[in-house]
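Written below as structure tokens is the structure these notes are about.
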Amino acid sequence: MTVDDRACTRRSSLSLPEYLSLEHWKTIGEQIFAINDSSAWWLGDWLVFGQQTYPNRYRDAIEQTSLDYQTLRNYAWIARKFPPSRRRDGLSLQHHAEVAALPAEEQDRWLEQADSLNWSRNELRRRLRVARGGRAGAVPTEDVQVTASAEQCDRWEKAAQHMASDLNDWMIRKVDEAAATALGPDVDDTDRSPLPDPSVASE
């Protein structure tokens with residue numbers, strides 16, 4: 001995947017000839033968009049390869065590239081969730097991320113709809129919210145950010161894999177168990193927030 005040779009690409013600039021037809025200008029834009037859209041998948045697959053091939057050295061290699069480790073881990077998580085045969089070329093990695101926490105059958109159903117109806121990522125997210133709101137017993141969810149070291153992230157991911165669990169589901173379960181222990185038996189169960197349905201994608 002390359003950019004038309006009429007364009008001169010540098011790390012921080014794109015130079016175009018003074019006389020460029022509208023069609024060539026549009027083609028170059030489409031090529032740039034395709035590269036940008038594909039790069040997240042490429043980085044995810046690159047990291048998965050490193051994890052599998054150089055398990056004791058890949059993190060040091062990543063740190064030497066100055067790439068954001070947490071961002072790469074997110075890409076790798078999506079890449080593992082969706083092997084190439086299940087990815088939709090017409091949808092971005094962000095589309096796939098929206099449904100990654102769902103069972104595979106539901107992932108495919110939502111992605112099929114998004115692809116065939118040309119939904120944006122935001123439209124897919126909106127539809128998922130509506131579906132969650134209409135599901136019996138569904139629990140509202142909120143985003144929670146956690147700052148952790150690379151070593152902690154690796155340890156948590158290994159623990160989740162050891163328990164044959166998704167990292168997000170494993171973390172929610174463990175935090176909820178810790179909260180129950182901290183609150184003690186004297187706290188009424190109605191004061192505790194129930195765990196979200198693990199089949200529902202977090203926003």
Side-chain angles (χ1 to χ4, degrees), residues 1-3 9 11 31-115 121 124-125 128 141 143-178 195-203:
M1 190 178 295
T2 59
V3 178
T9 57
R11 181 175 178 83
Q31 292 168 340
I32 293 171
F33 178 82
I35 291 171
N36 179 68
D37 199 46
S38 301
S39 63
W41 284 121
W42 296 346
L43 286 168
D45 290 335
W46 171 75
L47 185 58
V48 169
F49 178 90
Q51 290 173 328
Q52 295 172 346
T53 310
Y54 312 108
N56 300 319
R57 297 163 55 194
Y58 80 95
R59 190 171 64 244
D60 291 337
I62 291 168
E63 290 173 352
Q64 292 172 12
T65 66
S66 299
L67 296 171
D68 180 75
Y69 183 76
Q70 185 59 48
T71 299
L72 287 176
R73 286 189 72 258
N74 292 341
Y75 290 163
W77 183 69
I78 304 301
R80 282 193 297 269
K81 283 282 188 178
F82 296 95
S85 61
R86 292 187 57 234
R87 299 174 190 174
R88 306 277 175 159
D89 287 345
L91 300 176
S92 67
L93 179 139
Q94 286 72 28
H95 282 86
H96 292 73
E98 292 295 330
V99 301
L102 296 171
E105 188 175 311
E106 290 190 47
Q107 291 173 354
D108 291 337
R109 179 170 60 82
W110 280 106
L111 292 176
E112 172 65 28
Q113 290 186 67
D115 196 13
R121 189 280 304 272
L124 174 58
R125 175 179 291 183
L128 286 165
T141 60
D143 285 339
V144 176
Q145 271 195 322
V146 176
T147 301
S149 67
E151 290 77 10
Q152 288 173 310
C153 291
D154 282 347
R155 187 163 61 251
W156 297 342
E157 187 159 9
K158 288 176 182 176
Q161 291 174 352
H162 181 71
M163 299 300 293
S165 176
D166 172 76
L167 177 59
N168 186 64
D169 296 340
W170 179 84
M171 290 181 67
I172 291 173
R173 185 166 60 252
K174 291 302 178 183
V175 171
D176 196 66
E177 289 173 1
L195 276 172
D197 181 346
S199 68
V200 178
S202 60
E203 296 175 13

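- Closest approach of Val48 and Ala79 over heavy atoms only: CG2-CB, 4.2 Å.
- Atoms CZ and CZ, from Arg121 and Arg125 in turn, are 4.5 Å apart once rounded to the nearest 0.5 Å.
- In this structure, CG on Leu93 lies 13.5 Å from NZ on Lys81, to the nearest 0.5 angstrom.
- Distance check: Leu91 CG to Gln94 CD gives 11.0 Å after rounding to the nearest 0.5 Å.
- Considering only heavy atoms from C-beta on, Trp41 stays 4.5 Å or farther from Asp89 through its side chain.
- Rounded to the nearest 0.5 angstrom, Trp46 CH2 and Ser39 OG are separated by 12.5 Å.
- The main-chain N or O of Gln107 is never found under 3.5 Å from a side-chain atom of His96 such that the two would form a donor-acceptor pair.
- The line from CG of Leu124 to CG of Asp115 is 11.0 Å long, rounded to the nearest 0.5 Å.
- Taking CG from Leu47 and CD from Gln52, the interatomic distance works out to 10.0 Å, rounded to the nearest 0.5 Å.
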_Please determine whether side chain to side chain contact (heavy atoms under 4.5 Å, CB included) holds for the pair Asp108 and Arg86, giving the CA-CA distance in whole Å, both sets of side-chain angles, and the decisive distance to 0.1 Å._
CA-CA 8 Å; Asp108 291 337; Arg86 292 187 57 234; 2.9 Å; yes
